[in-house]
Protein chains: 2
Amino acid sequence: MDTEAVEKVVRMPSVKRLPGYLCILRRFQMQGRELVSTTHLAEEIGLAPIVVRKDLEITGITGKPKVGYPVPELIEGIENFLGWNNATDAFLAGVGCLGSALMGYQGIRNNGLNIVAGFDNDPAKIGSTVHGRSILPLKKLPDLVRRMHVRIGILTVPADAAEEVAQMMISAGIKGIWNFTTVDLKTGPDIVVQKEDLSSGLAALSVKLKRAKEKKEEETES
Amino acid sequence: MDTEAVEKVVRMPSVKRLPGYLCILRRFQMQGRELVSTTHLAEEIGLAPIVVRKDLEITGITGKPKVGYPVPELIEGIENFLGWNNATDAFLAGVGCLGSALMGYQGIRNNGLNIVAGFDNDPAKIGSTVHGRSILPLKKLPDLVRRMHVRIGILTVPADAAEEVAQMMISAGIKGIWNFTTVDLKTGPDIVVQKEDLSSGLAALSVKLKRAKEKKEEETES
DNA sequence: TAGATTGTTAATCGATTAACAATC
DNA sequence: TAGATTGTTAATCGATTAACAATC
């Protein structure tokens, strides 16, 4: 019986746009701005004001008509909503090109995720550090997940190892996997997987370029 | 007057899923499979069969009832549709962690994009090679874009340099920018920009994890 | 006060999903 | 033949966009 609880709908497209607002708002805060309107935010991020207003709605932060939203409150509201106010520890498996880059990527650190160690099978990598974090043998991952209560795993291993390493993570207690492999992981219903796929962005770019080219050729003809 | 031309609608969500099918199909081809049904493809990629059928529709490749689709034809059809049958040359600006990773990322090479050189302002990097490709001074980019007729630029520079470097690319003739910075680039209508944003994926993961946790706590209570 | 901006409800648009005849 | 699978049309769902009263 839904007496009190208002059915809160969380639209994923809105969630995915929140980090963009957060980035801009942090810059505004450094510049000493205290208030911001959706009109202004929209201009900065390249979206329509109505989109911004709808997106901010999900955080529960309200603004004042004619005035706008208070910048610090909005930042806190977004961080709270995303659970980024306290950084969450994460392990990364597969310290190749992409894995190393992620370990050094500033954007991740600013966004609520703290990669505490990297894991790999390559003896040449084990024992070294990447951006200040140790690289440990992959087989030590389960034990450390248990001891440190790590809940997030970043998967940057080769495709043929993806399923195995993911299962290793899950068995040890990992609840969320940020999956950079091309593999569709078979997991239980209580495990959250976020698949990241660079090639889909490239596909979008390719098709948009192709269409732009065709359009231009049509114009040239006529 | 649209006498002949059938209005072909290209849904971006479908476009973005095509590389996933392509990856699986290439594996099937190596395994010697000649035919594939949408049911089977759907199972591999973790989507519903109807989604796969709708997605493949945009490539123009048709299957045979009861039989399925011919694997080689489907591969060629997707590659053609995406323009990935001939690799396109690209320049990358900003050889930091992420830029270096992209230069070495096998997935890009397999997907119609050939990063021919990297560009940076750091004297320590200039003259070196990353994954076999030279790193050149950023100021040489415009001239080389013109001489080599490069149409795609990959932007992995720091945020505060993004707008300037993008303008440099565009002035020289770059038509499409794969933008890995957090900046919303101001470009003309004939320039295609594909923005890639890791933090939006992280936001989605965070919110999904949070909801899973809340759901579990509710169950424990009752 | 006047006008910009919010919050909210309704309308439109597009993507996903369902249904089903055609067919190998 | 029977049944699985395609291709296509229709129905549903959800996201975006528009409209507008409330208000600082």
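Note that this is a predicted model, so its numbers are computed, not measured. Throughout, protein chains are lettered first and strands after them, A, B, ... in sequence-line order, and every chain is numbered starting at 1.
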Nucleotide interval of DNA chain D bounded by contacts with chain B (heavy-atom cut-off, under 4.0 Å): dG3(D) to dT9(D)
Quick one: do H40(A) and F28(A) satisfy ring pair (Phe, Tyr, Trp, His ring centres under 6.0 Å)? Show the steps, please. CA-CA 11 Å; H40(A) 189 196; F28(A) 284 172; 5.0 Å; yes
Side-chain (Q194(A)) to main-chain (N179(A)) donor-acceptor, under 3.5 angstrom: no
May I ask you to say what S14(A) touches in the nucleic acid, namely base, sugar-phosphate or nothing, with a heavy-atom cut-off under 4.0 Å? nothing
5′-ward residue of the pair K54(B)/P13(A) relative to DNA chain D: K54(B)
Expected output: side-chain R133(B) to main-chain G118(B) donor-acceptor under 3.5 Å: no
With nearest nucleotide decided by heavy atoms, which residue, I50(A) or V67(A), maps closer to the 5′ end of DNA chain C? V67(A)
Between Q167(B) and K186(B), is there a donor-acceptor pair closer than 3.5 Å when you use the side chain of the first and the backbone of the second? yes
Treating K210(A) as the side-chain partner and F81(B) as the backbone partner, does any N or O pair qualify as donor plus acceptor under 3.5 Å? yes
Is the shortest heavy-atom distance from the side chain of L92(A) to the side chain of F119(A) under 4.5 Å? no
For DNA chain D, list all stems, counting runs of three or more consecutive pairs where every pair is Watson-Crick or G-U wobble with both distances under 3.5 Å. C:3-24 with D:3-24
For M12(B) and for Y69(A), locate the closest nucleotide of DNA chain C by heavy-atom distance; then report the residue assigned to the nucleotide nearer the 5' terminus. Y69(A)
Let me know which of I75(B), L35(B), L56(B) forms a side-chain contact (heavy atoms from CB on, under 4.5 Å) with Y69(B). L56(B)
Is the backbone of P19(B) close enough, under 3.5 Å, to the side chain of S199(A) for a donor and an acceptor to pair up by distance? no
